[in-house]
Every structure is written in structure tokens, then in C-alpha cells.
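Chain letters run A, B, ... following the sequence lines, proteins first and then strands; every chain starts at 1.
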Amino acid sequence: MFSHRWRFGWDRVSEVDLFADRHETSAETLSQAIRAAMSEEPDSDGSVLFGQLQGTVVGLRYYTGVVNQGEMVGLVRQPQNPYDRNAVMVANIYGNQVGHIKRELAAAMAYVMDNNLAKVDGVVHWGTKNKFTMPVMLSFWGREENKNAVIECMARRGYKLNTAGSISTGTHTGYTQLSSLNQHKDGEKEAAESVGTPLLLHQKQALSWMCARENQSALPPFWEKRGELYYNTLTCFSTKDIPERVRGGILADDMGLGKTLTTIALILTNFHNRKPLPVEKCVTTCRETAYCYSKELHCNTSFNGAFPFSSQHVSAFSSSFLCVYTQDQFEQHVCANVKLNVYLYYGSERNRSKKFLSSQDVVITTYNVLSADFGNKSPLHGINWLRVVLDEGHIIRNPNAQMSKAVLGLKAQRRWILSGTPIQNSVKDLWMLLAFLRLKPFDVREWWYRVIQRPVIQGDRAGLQNLQTLVKCITLRRTKSSEVNGRPLVSLPEKTVCVEQVELSQAEREEYELARNEGRNTIRRYVLVCLYMLRQHCCHPDLLAKISSDLGATATPAELRERLIEKLRLVLASGSDEECSVCLDSVRLPVITHCAHVYCRPCIAQVISTEQNVARCPLCRSEIKTSELVEFPQEEMEEENGTSSEKWRTSSKVQALMGNLLRLRCEDSSIKFLVVSQFTRFLTILEAPLREHGFSFVRLDGTMSQKRRTQVIQEFQSSTAGGVGLNLTAASHVFLMDPAWNPATEEQCIDRCHRLGQTRKVVVTKFIVKNSVEENMVKIQRQKQDLVEKAFGSTNTDRKTSRIDDIKSLMEL
DNA sequence: ACCGCCGGGTGCC
DNA sequence: ACCGCCGGGTGCC
């Protein structure tokens, strides 16, 4: 075993090349590398069409799901299918199963899909009336770098992807009646008497539109009736059942145009059967609800007493309304003689009774309370509300957030989103809002993505138009500069914004640049430390520097120093090549911090000096001071081999290696192996299982003297002819335990045994942890190799191999 | 499935 | 006939 970084002094800086200062674009390179190395989830928006393929759907007669001509279908892997673990299920928009992809094709697709090499879409262009099988046009989408792999993989199984020219991707403009979209946007509606504040013209228009959206019976956008069926013009899906109409929408007026007042007016004006909410003495009637949430949590339970509560008949739908700061607005905008039951559902003493909450006219809560309750016998989720209103609805933009999931779990007849900025960053933001409104079929992310998001991002005009139609249909948005009947919505004094550019003085600029560079260096260092630790996790958990808990604060300074020195000795002895997490090289002038982490003195000194206030340990974030760094007494530096009392444990990677070694030894007991790691301490860890299974081994690493290295290599080569030096041809199997940033580093390593004197086939095994920083390192390696290939027309490897082949043939070997 | 595939019945022209 | 051919039974994954 040997650690190549040290032993041969190869390319010691290769790991930090990505961030090196000499590149003009270092900042960009840094961010790219971080994104590439740290990203767990690839950006699916970057996908390109690899090609298309005509496939077959079989087993139609066993399922009820039907498709129309031109309809999009979903392809779902069924790894648990008892008849075929490669099964790919075909379903229509509503998720009804239509059939399966034919077995042989499914086998090829399963590989591509399971390895995330491509996403596959299906469209059925014809044969929809078939009884047994039907054709399906499959489109393969993915990231550019996977394109060839996918095409080859499919070709190997006899499926040729059609990559030619322009192909229909299935997006087209849905037929829509634009006139109907603007319905009621110009109409006006008077608010109910109980609304205490007179509405402005544009607010009456908004009220009219909101009432219409709640009372309408029109189909959602892109749906039309065709005979007995309801037909979706974008996906070509059709169904007997009328698609659920979206009773509600997005009120996206600018700040200050009175979204809250308009919503209060809606609550009071449009109760059941288009009648106003019964208020005042009307104690026995059903009460309505609107809901809203605020981003803020105000746990002020004393507010509860501010509202008169009366016991009400519990309605089938209760209702609640919004935000903390609108509590005043209710009082302000509701007539003084009107009693409205408004309950603020937050604070630890909140009343969790479903019956009580249902009896309220309005229940107001916060996103935080809602998500805290969700999945925990949440009374709010058990009530079928008349209306749910999300104030500042863009807060639930991220569909992965708990708050968003909690919001989607609410049951309601009518749903509203109030937001001045419904789309903050990208078209992606819209999905969560559509999902909340339950706008079919876009509430299912796949259909939203296929029909709208991907086409829009790829610049498809039809996709953009469909998006606009969709948004127009469910959104009312006016800005402060909008006009009604030629007049501005609101009259405000003039506002001017100007930008004045300011130059820093030379001295200021110098200080600024200094701070910027320091900041950049600090970030760079922390990123490297973080990546480094992830790489260690991939190999073995014990590689991570331990945060020592036994270095108590009660110890005297002398005791503490003694213990730290002991710890430092242990750490240095355990791997002989302890690496500094700052420079990633072997520790020079080792020092140990009070939190028991070891660094090079110059490295950690620099970290401390770049901190403005309190310097913190890059590994554990404990406070560190230059004066508290403990050095190793010089005379003990050469000591070796502290026996670690800690218990040995295995790791997945250790298991993988041992499995290979044992299998190979069974096949041929004369095989020798080379086991390579970037981490010398990992080699130390590997010694235990090797001994346990009776493998004899030698170790080679950077701390050894030249003499010792020669001895070790001779011992390893003993039974094999050939010279010494860097020759390790006795080994025919190379195990690379962890990837290096630079592929050349690995190549050099492999060449130590794949060279003159080698008589066996050389097999190299690289262990890469799935879904980890290691996979991303491999991607970076591949990119580097591609670069080399583009620049030279052949890879490093090829050139080397061919040179070796040349020599071999010259010497007639 | 107006197929392919399987397995039983059958067998000169 | 250890075949070929015929025609019935059958059928996703």
C-alpha cells in the first residue's frame, strides 16, 4: 500500500489547482467547482433532447387507463414489480395505468432511468384504440454530458435513438378563448354593508373578479368539453369527470393597492350562494372562512381576549383569515356594529378544538404554526374550509419546504394567494402556487415541468404563450402605474429615484481589495476543508479528526497542555502523514488547538490573522487563539506508533475492498495487489482487516526514508523479476480507494505496475461512493480529460499506452 | 392479436 | 416423424 501524493511527490498542488490564483477567472472557477462538487441535485433545467425512439406499450387490456391521440403519458419505473424488476409502467395524466413498456425495451430504459442518465417522456400519436398494444414515441432528455452514454446504452440493446433534425417535442399552443380570460377584470362589485371602508374603483374591480373566480363554473384553462368528455388541449388528456375548477387564484397587485382590504371585502361579501357573510345577530347560520398566514409568528395570546367569541353552529366549511398585522385591519375595515369572530391561532395556549375553530368566522394563523401542527394531529388540516387565503403567498415558493407541504395539505373549497411578487426568481416559482390552487394537471410536478417549465426555459414560443395564458387566467395584477379609465389607480405624489456613482479613494480601494482577497481566501479554505471532510466520510468515518470531548475546561493549563501533546502525538503517530485541513498537505510544524485539531502552524496562524474578531477552528468552529496553540516537543517528533485504544470499525468502502481481495485470492492466490489512497490514515485503518484475513502486505508512504522505501519495494517485488525504484509490477490489481482531483495522478499511479516487466493483465478498480462528492470529482476528472482530448486529440492514457506498446513491440515482448 | 409463440395432432399424392 | 405442417389455445410486466 502507498500514498501516492507523498511517496512520489506527484502533483502536490493538483487538488487546489481549481482554485489557484494564477487563473484570471479563479472566482468563477471556484464557484463552478463548488457547484459541481457539492451539488447533490443536478439542475434539471439544463436538459437537452438526446433523441427519440418508437416504443411499444403492452398489456393494455389489463388496465383501465386510456389515452387520446397525441396524449402525453408518464413513464414510471417499477423496480418492485414481481415479474420483472426492469418494469416501466405507462400512465396517463391522472395517473391511471395504461400498460407497460415491452420487456426488452424496458430493460434498456431501466438502466438509463435508474442511473439518472436521462428522463424519458412519452407521447402516443396513434393506435390509441388498440386493444392489446400501442405505439409510444419516447423522448430521452438529460444533461449534455450523458448524451453519448444514453445513446450507446440504448444502441447496445438494439434501440437506435433518432437524433436527426427537428422533432416534435409535443408542445403546442392550447386552444384558448382569450376573451373569456379577462372576464370580470373590468366589472365592479359593491362590497357588503359590513365592510366599513369604502372600496376604491380598482378594489371594486378586484372584488368583482375574485367573486367571479369563486362563483364561476367555467373550466380551468386548456380544458374544453368535447361531446361527453372533458379534453385538455395541452396534454390531449380527456376524462369523463369534469376537471375540478379552480375557485380562487392569485391576487398579485403591487404593494399598497389594498390586497388585504379587498380580501376582507371578499370574505364579507361572497359567502355561500353568492350572499354576504351573515354577521351581527345571526348566531345560528353557517359561518364562512378565509385563511391567511403571515411569515411572522407573533405569539401574543393576550390578543385572544380582544375578540368577542360566541358559540356558533358548526358549519360544514368554516373559514379563517389572515396575517398578524391584518388583525388591526379587520377592526379597521369591518363596520363597528358588526361582530366578526376572528381567532388568532397561534401561541402555546391556542385552542386546538376542531369544533371551536370551525365555529369561527375567520381563523388566522402563521406559516410556522401551520407547519408545526402538520402531521401532528393538526386541527387546521382536519377542517374543510370554505376559503383558504395565503398572505404573502410567495413565501411558499419552495416546494420542498415543510411550510409548503403543510399548506398543500389543507382542505378548502376556495383558495387564494396574495402576493405582490408571485414570481421572484424564475418560472419555477410558479409551480408551488399552481399546486396549491390545484390547477389540473399542473399540480403534478412532472406535467408542469413537461408542458410549461421545460419548454419555457428552452425558449419554446408555444410554451411561453401557454404560460402567459395560464397566468392571465388565474391572476389579477395591477401596478401603481396601472390606469383605470385613463386615470391612475391611486394618486400618489411624484417619486424620483436617481443613482449617483461614487468612487472610492485610492486608500479606500486598497483596503477594500485587501478585504476582498482575504475574504476570498477564507472562503476558499473553508470550502476545501468542507470538501476534504466529505471525502473522508466516503472512505471511513474514523478519518475525520475527532472533536475531543475529554479535554475538559477544568484541567489546569499544565494538564491541558500535557493532554494536548498526548493527543497530538497520537494523531501524528496514527497515520504518520497527518494532513493539515487548511493546506491539505502533510502537516509542517504541527500545532494542536485547544479543541484538539492539528494544523500547520503557518496555516492556522493565517486563518487566525484573517479573522476580524474571534478566530474559529476551521474544523469545529471553536474559538482559537495564537497564544493557545500547542507545539510538539521537538525531541519526540520522530516517535512512532502510538497504539490507538479506540475500537476498530469497518466502513462500506473497506467492505468493498475486502470483498474484492478475498474473491481474487480464491481465484488465484499468487495475485498481488496495490491499494492506493489519498489518506495515509486510511491505509492504517486498512491494516487491521488485511491482517485479520491473513494478507501479507507492505506499506509505502511519504514519511518513509528513501532507504526504507527501497527495502519495501524490494520486499514486495521479491518473487518477481524486474528492477526496483518505482517499479511495482509484481502487482496486477490496483485498487484506487478514493478519487484524486487530477486524473493524471491516478494514471501515474496505475503506471507503476502497468509497465515493462508486467506479465499479467492489469485490472484497476476505483471505488466511488454513489451520490457523493466523489462522483462529482469523477465528473471533474472527466471534464479535465475531455479538455486534454480536445486539445491533443488523444488522452494522456492513450499516448502513454501507445508509447509502452511501441517499446514492447520494439523489444519483441 | 388480422400477430408470434407454444405444444398437440398429425402425416403420400 | 429425432421431422414439417396444420390449426387451436393463448397472450404485460
Side-chain angles (χ1 to χ4, degrees), chain A residues 44 47 49-142 146-147 149-163 167-170 229 231-232 235-241 440-441 443-451 770-771:
Chain A
S44 51
S47 63
L49 181 63
F50 295 163
Q52 294 183 310
L53 174 69
Q54 183 83 23
T56 311
V57 186
V58 296
L60 302 186
R61 62 168 159 160
Y62 299 98
Y63 307 99
T64 52
V66 290
V67 293
N68 294 303
Q69 191 170 329
E71 183 169 336
M72 299 179 172
V73 290
L75 301 162
V76 185
R77 276 281 290 118
Q78 286 184 323
Q80 304 299 332
N81 187 305
Y83 303 96
D84 182 1
R85 61 189 172 81
N86 291 322
V88 177
M89 187 256 258
V90 180
N92 68 20
I93 300 268
Y94 273 16
N96 299 324
Q97 181 161 7
V98 176
H100 278 104
I101 292 290
K102 212 171 144 63
R103 196 180 201 105
E104 299 77 20
L105 177 54
M109 284 168 61
Y111 179 82
V112 167
M113 292 167 87
D114 293 349
N115 289 289
N116 251 330
L117 296 172
K119 283 194 168 172
V120 191
D121 289 352
V123 178
V124 180
H125 292 292
W126 44 277
T128 54
K129 300 271 191 295
N130 293 0
K131 273 189 195 155
F132 304 99
T133 68
M134 65 168 70
V136 58
M137 184 53 82
L138 302 170
S139 303
F140 290 68
W141 298 82
N146 292 329
K147 181 172 178 173
V150 169
I151 290 173
E152 273 171 36
C153 167
M154 296 304 293
R156 221 178 307 128
R157 293 156 192 266
Y159 296 100
K160 190 169 156 25
L161 285 192
N162 181 3
T163 53
I167 322 160
S168 154
T169 56
L229 297 174
Y231 182 79
N232 186 293
T235 60
C236 298
F237 174 74
S238 70
T239 171
K240 277 208 297 286
D241 308 312
K440 309 268 176 198
D443 52 339
V444 172
R445 189 121 68 130
E446 185 194 345
W447 300 110
W448 156 257
Y449 180 69
R450 274 181 66 174
V451 180
K770 251 182 137 174
N771 272 326

For this session: Nearest whole angstrom, please: distance from the P of dG4(B) to the NZ of K102(A).
Result: 10 Å
For this session: Taking atom C1' in both dC2(B) and dC13(C), compute the distance separating them and give it to the nearest angstrom.
Result: 25 Å
For this session: Please measure how far the C1' atom in dC6(B) lies from the corresponding atom in dA1(B), and state the result in whole Å.
Result: 15 Å
Problem set entry | Length of the CZ-P vector between R103(A) and dC5(B), whole Å | 15 Å
For this session: Quick one: list whatever passes side chain to side chain contact (heavy atoms under 4.5 Å, CB included) with A106(A), sequence neighbours left out.
Result: V88(A), I101(A)
Exercise. Which base sits across from dA1(B) as a Watson-Crick or G-U pair, both distances under 3.5 Å?
Worked result: none
Exercise. For residues N68(A) and T128(A), is any side-chain donor paired with an opposing acceptor at under 3.5 Å?
Worked result: no
For this session: Enumerate the residue pairs fulfilling salt bridge (charged side-chain N to carboxylate O under 4.0 Å, His left out) with a member in residues 59-71 of chain A, sequence neighbours excluded, ordered by first and then second residue.
Result: none
Problem set entry | salt_bridge(E152(A), R156(A)) N-O dist < 4.0 Å | no
Exercise. Which pair of heavy atoms, one from F50(A) and one from L117(A), lies closest together, and at what distance?
Worked result: CE1-O, 3.5 Å
Exercise. In residues 86-101 of chain A, which ones come under 4.0 Å of DNA chain C, going by heavy atoms?
Worked result: A87(A), H100(A), I101(A)
For this session: Specify the separation, in whole Å, of atom OH of Y63(A) and atom P of dC13(C).
Result: 10 Å
Problem set entry | F132(A): partners by ring pair (Phe, Tyr, Trp, His ring centres under 6.0 Å), with sequence neighbours left out | none
For this session: Have a look at D84(A) and say if it touches a base, only the backbone sugar-phosphate, or nothing, with a 4.0 Å heavy-atom cut-off.
Result: sugar-phosphate
Problem set entry | ring pair (Phe, Tyr, Trp, His ring centres under 6.0 Å) involving Y63(A) - partner list, sequence neighbours excluded | H100(A)
For this session: Round to the nearest Å and state the distance from N130(A) atom CG to dC2(B) atom C1'.
Result: 12 Å
Exercise. Could you give the CG-to-C1' distance, from N81(A) to dC13(C), as a whole number of Å?
Worked result: 5 Å
For this session: Determine: side-chain N/O of R61(A) to OP1/OP2 of dC12(C), distance under 4.0 Å, yes or no.
Result: yes
Problem set entry | Integer-rounded Å distance: dT10(C) P and Y62(A) OH | 12 Å
Seminar exercise, completed: Interatomic distance, SG@C153(A) vs CE@M109(A), rounded to 0.5 Å, equals 11.0 Å
Exercise. When the distance from NZ of K131(A) to P of dT10(C) is rounded to whole Å, what number comes out?
Worked result: 17 Å
Problem set entry | side-chain contact (heavy atoms from CB on, under 4.5 Å) partner of L138(A), chosen from V123(A), V120(A), L161(A) | V120(A)
Problem set entry | Interface with DNA chain C, restricted to residues 104-114 of chain A and to heavy atoms under 4.0 Å | none
